[in-house]
Amino acid sequence: MWTNKNRAKYNRDYLRYPSDVTDEEWALVAPLIPKARRGGRKREVDIREVFNGVMYVLSTGCQWRYLPKDLPPRSTVNYYFGLWNWDGTLDRIHHVLYVECREAIEREASPTACIIDSQSVKSAEKGGPALIHPVTTRARRSKARSGIFSSIR
């Protein structure tokens with residue numbers, strides 16, 4: 001529940017964008033991002049700004065071409081997003097933040113129970129006949145073909 005006490009804790013008005021990471025958040029995320037590879041050119045981009053760009057796209061849902069100009073170029077942000085997705089960095093970040101949030105509300109790191117409501121089960125049943133359609137279509141085709149070939153013989 002929002003109260004005056006905890007509302008200030010989640011205030012992000014002092015940031016450039018609400019999706020930008022704070023210093024505390026960056027302290028959790030920075031160790032999980034891989035270091036630059038040895039050899040070749042030195043990394044010229046600020047990784048924190050790249051991460052802010054990724055968070056901007058993920059939080060707003062905007063297209064890459066609408067990334068604000070004060071963030072790194074969209075090609076750079078997109079490259080690192082793809083790289084971090086491929087090498088599992090985003091999954092590791094998600095896991096660490098998930099565990100941190102669970103522990104902050106004094107719960108175990110992994111949930112011990114799962115609840116499935118009947119509405120979810122009912123909606124899943126609707127998808128059944130649509131999945132059967134291609135199978136019956138294939139059977140009809142084979143019957144039609146067998147009729148054609150039997151008349152030729």
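In this chain, residues are counted from 1 in sequence order.
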- Least distance between heavy atoms, Arg92 atom then Asp87 atom: NH1-O, 3.4 Å

- Query: Of all heavy-atom pairs between Val21 and Arg48, which one has the smallest distance, and what is that distance?
  - Reply: O-NH2, 2.9 Å

- Taken to the nearest 0.5 Å, the spacing of Arg74 CZ from Lys69 NZ works out to 7.0 Å

- Below 4.5 Å, heavy atoms only, C-beta onward: do Asn52 and Tyr17 meet side chain to side chain? no

- Task: Look up atom CG in Leu32 and atom CG in Asp91, then write down how far apart they are to the nearest 0.5 Å.
- Result: 11.5 Å

- What are the two closest heavy atoms between Ser19 and Tyr56, and how far apart are they? OG-CA, 3.3 Å

- Item | Distance in Å, Asp20 CG paired with Glu25 CD, rounded so as to fall on 0.5 Å steps | 9.5 Å

- If you round to the nearest 0.5 Å, how far is CG of Asn85 from CG of Leu90? 5.5 Å

- Item | ring-ring contact (aromatic ring centres under 6.0 Å, His included) contacts touching residues 86-115 (sequence neighbours left out) | none

- Answer whether the closest heavy-atom distance between the side chains of Leu71 and Arg16 falls below 4.5 Å. yes

- Message: Could you check whether any side-chain heavy atom of Tyr80 comes within less than 4.5 Å of a side-chain heavy atom of Thr89, counting everything from C-beta outward?
- Response: no

- Message: Using every non-hydrogen atom in the two residues, find where Trp26 and Pro31 come nearest and quote the distance to one decimal.
- Response: O-CD, 4.4 Å

- Message: Is there a side-chain contact between Ile47 and Lys35 in this structure, where contact means two heavy atoms from C-beta onward sitting under 4.5 Å apart?
- Response: no

- Item | Residue pair Asp70 / Glu49: nearest heavy atoms and the distance that separates them | O-OE1, 4.1 Å

- Test item: Phe81 and Val57 side chains (from C-beta on) under 4.5 Å apart, heavy atoms: no

- Message: Is the shortest side-chain heavy-atom distance between Tyr66 and Thr60 below 4.5 Å?
- Response: no

- Query: Taking a hydrophobic cluster as the set of Ile, Leu, Val, Met, Phe, Trp and Tyr residues connected by side-chain heavy atoms closer than 4.5 Å, whether directly or through intermediates, do Leu28 and Phe51 fall within one such cluster?
  - Reply: yes

- Item | Among Asp46, Val54, Val50, side chain to side chain contact (heavy atoms under 4.5 Å, CB included) partner for Pro72 | Val50

- Check whether Leu15 and Leu97 end up in the same hydrophobic cluster, where Ile, Leu, Val, Met, Phe, Trp and Tyr are linked by side-chain heavy atoms less than 4.5 Å apart. no

